[in-house]
Amino acid sequence: MNRYSSPLNFRRLVITLTLTWLGLFVLLPHLMVILTSVLTPDAEHLVIWPITFDNYLKVFEPIYAGVFWNSLLMSGITTLVCLLIGYPFAYLLANMSPTMRVVLLFLMVVPFWTNSLIRIYAIKMILGKKGIVNSFLMFTGVIDSPVQLIYTDFAVIIGLVYILLPFMVLPLIASFAKLDRSLIEVGKDLGASPFYRFIYILLPLTAPGIIAGCLIVFLPAMGMFYVADILGGAKSLLLGNVIKNQFLVVRDWPFGSAFSVFLILLMAGLLIIYNKANNYIQHKGGLDDENL
Amino acid sequence: MKIFKPLFILSVFVYLYLPMLVLITNSFNQSKYGHKWAGFSWKWYEKLWNNTGLMDAFVNSLTIAVLTAFIATLLGTLMALAIHRYKFRLKSTTSSMLFILMMSPDIVLAITFLIIFIALGIQLGFWSLLIAHITFCLPFVVITVYAQLKGFDNNILEAAQDLGASEGKIFRVIILPMILPAVLSGWLLSFTLSLDDVIISSFVTGPGFEILPIRVFSMVKVGVSPEVNALATILLVISLSAIAVISLLIKRKQ
Amino acid sequence: MKFKTLNKLATGLSVLFAVTFSVVAAEKVVVYNWTEYIPDGVLAEFTKETGIKVEYNTYESNEVMYSKLKLQNGKGYDIVIPSTYYISKMAKEGLLAKIDTAQLSNFTHLDPALLNKSYDPNNQHSVPYVWGSTGIGINTNEVDPKSIKSWKDLWDKKWQNSLLLTDDVREVFHMALRVNGHSSNSTSEAEIKQAYELLTKLMPNVLVFNSDAPREPYLAGDVNLGMIWNGEVIMAQEEDSAIEYIYPTEGAAIWVDSFAIPTGAENKSNAHKFINFMLRPDVAKRTVEYIGYATPNKAGIALLDQATQNNPTIFPSKRIVEQGEFQTDVGPAIEIYNKYWEMLKTSK
């Protein structure tokens with residue numbers, strides 16, 4: 001077998017497959033979305049020809065600023081809570097024997113194979129005025145009358161974290177699993193305190209996992225309107241609601257598309273800023289991957 | 001400090017399993033809406049057994065989820081590899097595409113997928129559903145695997161290449177074992193995502209092929225039936241026993 | 001040994017083939033509907049009686065059903081069950097085929113009061129299946145039912161942060177438009193704006209918007225007063241008889257879910273047979289018992305027990321129906337509604 005043709009073939013296959021699939025099922029649909037976003041809405045035909053940029057102007061109406069802020073805040077808090085629970089959880093799991101790790105990993109994922117709607121209904125029952133949490137708190141005498149837990153932002157966060165926690169833990173576990181433990185031992189031997197070992201060894205080494213986990217939690221959280229609708233009482237609008245309403249209820253597809261395009265650009269912008277800032281800090285602090 | 005670790009793990013599992021406990025309890029509850037305990041009953045299991053529509057949808061869902069998980073993991077791993085290892089034109093476009101895919105609201109993907117399937121003449125049903133599910137799972141696999149590939153020592157690969165190992169062999173012998181945890185994670189993510197998607201599925205599926213989430217969400221008009229709780233309980237019991245058996249087998253081997 | 005296995009496999013395959021073929025060859029009707037919106041066993045009986053196989057597919061909202069049919073030019077399904085104002089919209093856009101009532105021998109059982117409505121004159125495109133209304137739900141253990149008579153009563157300051165409203169722009173605006181003395185199908189921006197202003201005063205009282213199962217918060221004890229659909233109250237009463245339904249004096253919102261046949265349907269004649277089967281009095285009777293909403297089928301009502309027939313929550317009096325208002329398509333004005341709806345929800 002020709003030694004040079006083989007890598008080329010494997011390579012070509014991978015690249016062709018990647019580009020074809022993404023071209024057909026991602027690029028093409030999104031070109032359609034971009035086109036739709038500059039067309040004119042029409043009640044009967046959904047979209048008609050004259051090209052217009054009014055749809056984009058509409059995105060900047062003040063009421064949507066609140067929607068953006070609200071969604072970013074909710075997703076941000078969810079991501080943070082997921083990270084705070086998921087990081088130590090993944091760390092502890094990664095330190096167990098391989099069998100135990102796999103068993104616990106599956107135990108964590110199994111609840112997620114049941115329909116999310118009925119799981120959210122279950123959370124609703126737990127958080128209700130006569131639910132388990134309130135009954136328990138009243139029984140133990142912590143409170144005298146039921147606290148309003150359900151239909152609050154608190155309930156929404158509980159639900160979002162519940163739905164998204166494994167999405168944080170899975171990439172983190174992978175990240176911990178490849179961690180070179182000798183580095184931590186070296187740190188120990190050199191007398192670094194646990195805090196220093198964490199900041200200067202553990203954190204940078206698991207950074208790719210953290211970033212992956214945060215992305216996988218943060219981005220979907222922005223669209224999970226049904227959690228907010230059921231647990232939060234649908235009293236405020238999130239980005240997912242607005243876009244869904246535009247497509248299904250109002251059927252202003254051009255505006256829905258414009259909104260979606262704007263959302264993607266906004267997120268991309270945030271990501272670029274984050275990357276730039278990250279590089280800057282790393283160069284200043286001398287803590288980038290190459291130096292380690 | 002010693003007690004803190006198991007306690008933390010335990011509380012996370014309590015959080016994850018408390019809603020499951022509610023579901024299991026209600027699957028045996030005589031009462032339909034489950035706000036009060038009205039006595040023990042198997043009736044929801046009996047009803048489930050006779051509910052062919054629901055059972056068919058469940059089997060279809062599992063089929064799609066397993067296939068999606070395998071194919072998306074395979075494709076996603078290859079894509080992550082391509083982005084990480086190769087230089088090619090449109091490389092940055094590729095990663096932007098994946099990012100956009102993840103960022104796009106479900107409803108936007110749902111409608112555009114439907115339009116494309118109609119345009120390509122793909123019949124709505126099994127295949128359209130499979131393609132759509134694979135596509136929306138891809139970025140999750142790529143991100144997870146890519147994170148693993150990052151910071152991976154490329155010198156080993158170059159050494160292997162110099163020693164005459166083919167690209168395929170390098171992948172099998174060196175890269176795959178290294179990224180296996182991430183690949184497994186990607187598989188689990190895809191399986192979980194596919195099993196639970198509603199919006200995209202309800203647009204791209206066609207007559208004659210229905211999956212569980214659509215059935216369940218469409219129950220809202222008359223109330224979600226406790227049969228779904230029964231189904232969830234059965235699935236949970238099967239999964240948990242599978243885990244128990246496997247871990248026992250491993251233990252015995254050791 | 002090996003040969004035997006192979007043989008078995010071949011037989012299995014041929015059986016599979018035969019099954020597949022018989023499915024292809026058999027007569028069928030593709031129904032697109034909500035899950036469990038047809039009583040247990042009815043579909044099987046239909047197949048047994050007519051030999052027509054039913055492929056049952058489900059959707060979770062009128063919106064999804066509409067968008068899907070629209071994108072497929074009305075193809076793919078033989079029967080859909082849109083709610084009132086979707087009938088007029090879809091018929092106007094040519095998505096619904098004409099229904100030939102001559103093929104429906106059971107059509108005569110239907111109550112004329114629910115036929116020939118403004119959303120579908122002469123029932124050219126739709127045959128009513130079930131109907132219901134949106135009114136006031138109340139837990140009589142917690143709130144005195146005598147103190148609540150009208151939509152206006154929900155505005156009372158004492159209900160702060162405690163009410164349930166349905167998460168449906170048209171229904172919520174129905175309430176405010178009616179309180180202001182306007183039609184709930186208004187297309188006038190001034191009237192809609194006025195309704196919006198009234199609703200902003202209601203917002204401090206709202207605890208939750210819920211359109212996926214409004215009975216749940218009542219049953220859980222999280223909500224004791226608010227909007228609800230009548231059928232949901234019937235379902236809730238199985239568990240808690242204290243939950244009751246009130247027809248507000250300004251009029252309830254009345255909706256009808258009807259059978260319709262999309263223009264692209266491939267089995268139109270089977271679809272007619274299916275509708276005719278569903279119009280049988282015994283099927284109509286079982287429908288009421290199963291889903292808790294009213295049937296327009298007079299012969300079916302006569303088969304029900306007296307208690308159900310006289311239950312005003314299911315079958316309101318003629319006067320109450322006349323007080324209420326059927327929802328119709330408001331055309332492009334839906335955009336005005338939605339603008340104020342979004343403003344309402346982002347007002348805090």
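Residue numbers start from 1 in every chain, and the chains themselves are labelled A, B, ... in the order their sequence lines are given, proteins ahead of strands. The structure presented is a predicted model; accordingly, all values stated were derived computationally and were not measured.
Heavy atoms of L75(B) lying under 4.5 Å from chain A belong exclusively to its side chain. In this structure, no portion of L231(B) lies under 4.5 Å from any heavy atom of chain A. In this structure, chain A has heavy atoms under 4.5 Å from both the backbone and the side chain of L78(B). With a threshold of 4.5 angstrom between heavy atoms, V216(B) approaches chain A through its backbone and through its side chain.
In terms of modelled atom types and a separation under 3.5 Å, the side chain of S27(B) and the main chain of T233(B) share no donor-acceptor contact. Listed for the N26(B) side chain is no donor-acceptor partner under 3.5 Å among the backbone atoms of Y33(B). Panel note: side chain S202(B), backbone I199(B); a donor-acceptor pair is recorded below 3.5 Å. A distance-only check finds no donor-acceptor pair linking the side chain of S104(B) to the backbone of L101(B) [under 3.5 Å].
Per-residue counts of heavy-atom pairs under 4.5 Å with chain B were compared for P166(A), P171(A), A212(A); the largest is that of A212(A). Considering only heavy-atom pairs separated by less than 4.5 Å from chain B, the leading option among L107(A), L271(A), I123(A) is L107(A). For the set L105(A), L104(A), L165(A), the count of heavy-atom pairs under 4.5 angstrom toward chain B peaks at L104(A). Of all the listed residues (F247(A), F112(A), F259(A), Y162(A)), the one sharing the greatest number of non-hydrogen pairs under 4.5 Å with chain B is Y162(A).
Heavy-atom neighbours of chain B within the stretch residues 20-31 of chain A, taken at a separation under 4.5 angstrom, comprise W21(A), L22(A), L24(A), F25(A), V26(A), L27(A), L28(A), P29(A), H30(A).
Side-chain contact check for M102(B) versus I216(A): some heavy-atom pair is nearer than 4.5 Å. The shortest side-chain heavy-atom distance between D106(B) and F136(B) does not fall under the 4.5 Å cut-off.
Side-chain atoms of Y146(B) and S95(B) include no donor-acceptor pair closer than 3.5 Å.
By the ring-ring contact (aromatic ring centres under 6.0 Å, His included) test, F13(B) is found to be paired with F89(A), residues two or more places apart in sequence or in another chain being considered.
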